[in-house]
Q: 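Got a structure here, written out as structure tokens. Questions coming.
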Amino acid sequence: MNTPERLPRKFYARSTLVVARELLGQRLVRIEDGRRYSGIISETEAYIGMDDLGCHARSGRTPRNESMWGPAGYLYVYFTYGMHWMLNFVTEAESFPAAVLMRAIIPQEGLAEMRIRRKNKPDRVLTNGPAKLCQALNINGKLDGADSLNNQSPVFIEKMPAIEDQYVHTSPRIGLNTVPEPWKNKPWRFVYSPD
DNA sequence: AGCACGATTAACT
DNA sequence: GTTAATCGTGCTC
């Protein structure tokens with residue numbers, strides 16, 4: 001069986017909405033101590049530029065959101081709610097701040113270790129949230145600003161067959177409680193529902 | 001220096 | 001359905 005290729009940088013250097021849609025069905029991989037932990041991406045959200053008032057880039061370039069201005073395919077990992085990490089892949093042209101948030105994956109490899117990291121919660125809630133998948137894959141701020149296309153990268157995405165539109169739906173982004181319209185209800189969340 | 005709140009989660013009623 | 005946990009960040013004074 002062939003080793004899947006990683007998505008090329010050109011994949012990420014496009015419209016964030018297209019990248020967020022097409023990342024559904026692709027395989028998120030975390031390598032740690034030579035072991036693989038992975039899952040199929042099943043939920044994403046797009047955050048697009050300084051004009052998007054739901055995006056961290058809205059308040060300009062700061063140490064926290066610096067990675068969003070970097071090259072496509074780099075990681076933007078940030079800390080929130082005093083306890084949670086979130087994983088994003090940077091998109092579009094360098095110096096344009098945009099990224100796709102990983103909101104859920106369907107676990108594939110490394111389930112046993114994921115269960116331990118997730119406190120033996122039921123499998124159905126192992127990686128069905130942005131902070132949950134970071135916990136299961138042990139993703140934290142040390143990975144912020146890393147290039148997922150570097151050969152040594154411990155986090156990257158492997159190419160898998162595209163998902164048909166029939167299995168995809170969109171909705172407003174989650175958790176933007178105090179974000180004004182029209183940004184609050186932009187249908188920039190993408191969900192892959194198999195079956 | 002102080003403060004309000006967050007791209008959430010888990011544990012409640 | 002509601003709410004506590006928990007603290008870095010950005011904004012105001």
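For clarity, every value in this text was computed on a predicted model and none was experimentally measured. Here is the naming used below: chain letters follow the sequence lines, and residue numbers restart at 1 for every chain.
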Q: Tell me what A:M102 touches on the nucleic acid: a base, only sugar-phosphate, or nothing, going by heavy atoms under 4.0 Å.
A: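 Touches nothing.
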Q: For A:T16, which of A:D52, A:T44, A:T91 qualifies under side-chain hydrogen bond (donor to acceptor under 3.5 Å, both in side chains)?
A: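 Of A:D52, A:T44, A:T91, side-chain hydrogen bond (donor to acceptor under 3.5 Å, both in side chains) with A:T16 is met by A:T91 alone.
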Q: Quick one: closest heavy-atom pair of A:G25 and A:M160, and the distance?
A: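 Result for this residue pair: O-CB, 3.3 Å.
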Q: With sequence neighbours left out, write down each residue that passes ring pair (Phe, Tyr, Trp, His ring centres under 6.0 Å) with A:W85, or none if nothing qualifies.
A: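 Once residues adjacent in sequence are excluded, the partners of A:W85 under the ring pair (Phe, Tyr, Trp, His ring centres under 6.0 Å) criterion are A:F79.
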Q: Quick check for you: name the first and last nucleotides of DNA chain B, 5' to 3', having an atom under 4.0 Å from a heavy atom of chain A.
A: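 Contact boundaries, 5' end first: B:dG6 to B:dA10.
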Q: For DNA chain C, which residues of residues 113-139 of chain A approach it to below 4.0 angstrom with any heavy atom?
A: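 Nothing qualifies; none.
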Q: So, using salt bridge (charged side-chain N to carboxylate O under 4.0 Å, His left out) as the criterion, who are the partners of A:R58 when residues are at least two apart?
A: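 Partners of A:R58 under the salt bridge (charged side-chain N to carboxylate O under 4.0 Å, His left out) test: none.
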Q: Reading nucleotides 3-13 of chain C from the 5' end, what letters show protein touch, with B for base, S for backbone sugar-phosphate only, - for no heavy atom under 4.0 Å?
A: --BBBSSSS--
Q: Any side-chain heavy-atom pair from A:E45 and A:W188 closer than 4.5 angstrom?
A: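 Not in contact.
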Q: Would you measure the distance from the P atom in B:dC5 across to the matching atom in C:dT3 and give it in whole Å?
A: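 Going atom to atom, P in each nucleotide, I get 15 Å.
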Q: Using heavy atoms and a sub-4.0 Å distance, could you list which residues of residues 176-184 of chain A are near DNA chain B? By number, please.
A: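 Correct list: A:L176, A:T178.
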Q: Take atom NZ in A:K184; do more than 12 heavy atoms of anything else shown fall under 6.0 Å from it?
A: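 More than 12 within 6.0 Å, yes.
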Q: Between A:E109 and A:R36, does any NZ, NE, NH1 or NH2 come within less than 4.0 Å of an OD or OE carboxylate oxygen?
A: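 Looking at A:R36 and A:E109, the cut-off is met.
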Q: Hey, can you pull the donor-acceptor pairs under 3.5 Å for the side chains in residues 130-148 of chain A, sequence neighbours left out?
A:
| residue | atom | partner | partner atom | Å |
| --- | --- | --- | --- | --- |
| A:K132 | NZ | A:N128 | OD1 | 2.9 |
| A:Q135 | OE1 | A:R118 | NH1 | 3.1 |
| A:Q135 | NE2 | A:R117 | O | 3.0 |
| A:N138 | ND2 | A:E32 | OE2 | 2.7 |
| A:N140 | OD1 | A:K142 | N | 2.9 |
| A:D144 | OD1 | A:S67 | OG | 2.9 |
| A:D144 | OD1 | A:V77 | N | 3.0 |
| A:D144 | OD2 | A:S67 | OG | 3.3 |
| A:D147 | OD1 | A:R9 | NH1 | 3.2 |
| A:D147 | OD1 | A:R9 | NH2 | 3.4 |
| A:D147 | OD1 | A:L149 | N | 2.9 |
| A:D147 | OD2 | A:R9 | NH2 | 2.9 |
| A:S148 | OG | A:G73 | O | 2.6 |

Q: Got a list of side-chain donor-acceptor pairs under 3.5 Å for residues 94-107 of chain A, not counting sequence neighbours?
A:
| residue | atom | partner | partner atom | Å |
| --- | --- | --- | --- | --- |
| A:R103 | NE | A:E43 | OE2 | 2.8 |

Q: Side-chain heavy atoms under 4.5 Å apart, restricted to Ile/Leu/Val/Met/Phe/Trp/Tyr: what other residues fall into the cluster of A:F156, or is it alone?
A: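 So far as hydrophobic clustering goes, A:F156 is joined with A:V29, A:I31.
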Q: Rounded to the nearest 0.5 Å, what's the gap from CE on A:M68 to CZ on A:R61? Could you check?
A: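 Answer rounded to 0.5 Å: 12.0 Å.
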Q: Look at atom CD of A:E181 and say whether more than 12 heavy atoms of other residues, nucleotides or ligands are closer to it than 6.0 Å.
A: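 Counting neighbours around CD of A:E181, more than 12 heavy atoms of other residues, nucleotides or ligands fall under 6.0 Å, so yes.
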Q: Just the dot-bracket of DNA chain C, please: which string comes out with Watson-Crick or G-U pairs under 3.5 Å, [ ] for crossing, | for another strand?
A: |||||.||||||.
Q: What residues form a salt bridge (charged side-chain N to carboxylate O under 4.0 Å, His left out) with A:D165, not counting sequence neighbours?
A: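 Checked A:D165 against salt bridge (charged side-chain N to carboxylate O under 4.0 Å, His left out); matches are A:R21.
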Q: Ignoring hydrogens and angles, state whether a donor on the side chain of A:Y76 or A:H56 is under 3.5 Å from an acceptor on the partner side chain.
A: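 There is such a pair (donor and acceptor under 3.5 Å, judged by atom type) between the side chains of A:Y76 and A:H56.
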Q: Would you please name every residue forming a salt bridge (charged side-chain N to carboxylate O under 4.0 Å, His left out) with A:E22, sequence neighbours left out?
A: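 Listed in chain order: A:R14.
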